[in-house]
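First comes the structure, then the notes that go with it.
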Amino acid sequence: MADQEQAELRLAVARLRQEHEDYDAAINAMIQIGCEALRIQRMKKKKLILKDKISKLEDQIIPDIIA
């Protein structure tokens, strides 16, 4: 993988991690103010989707080495 591609992937991962943290903060705020459970569930699902995307991109950056 070229250095440019790897740098772009790392940047994408950093952006997704920040978005993941933002969702976490929003979910905690929603829980504190007593928001409806369905909205909180939807936010958690979006957060989980982000985590999956992060994992896939990280796998592209650092492939598994079979020993």
Could you check Arg42, Glu36, Lys44 and say which one makes a side chain to side chain contact (heavy atoms under 4.5 Å, CB included) with Ile40?
Lys44

What's the separation between atom CE in Met30 and atom CE in Met43, rounded to the nearest 0.5 Å?
5.5 Å

Are Ile62 and Ile54 linked, directly or through intermediate hydrophobic residues, by side-chain heavy-atom contacts shorter than 4.5 Å (ILVMFWY only)?
yes

Can you tell me if Gln32 and Asn28 form a side-chain donor-acceptor pair at under 3.5 Å?
no

Taking C-beta and beyond as the side chain, do Gln4 and Glu8 meet within less than 4.5 Å on heavy atoms?
yes

Does atom NZ of Lys47 have more than 12 heavy-atom neighbours from other groups under 6.0 Å away?
yes

State plainly whether one hydrophobic cluster holds both Leu48 and Val13, where clusters connect Ile, Leu, Val, Met, Phe, Trp and Tyr through side-chain heavy atoms under 4.5 angstrom apart.
no

State which residue, out of Lys53, Glu58, Glu21, fulfils the side chain to side chain contact (heavy atoms under 4.5 Å, CB included) condition with Leu16.
Lys53

Can you tell me how far apart CD (Gln41) and CD1 (Ile27) are? Round to the nearest 0.5 Å.
11.0 Å

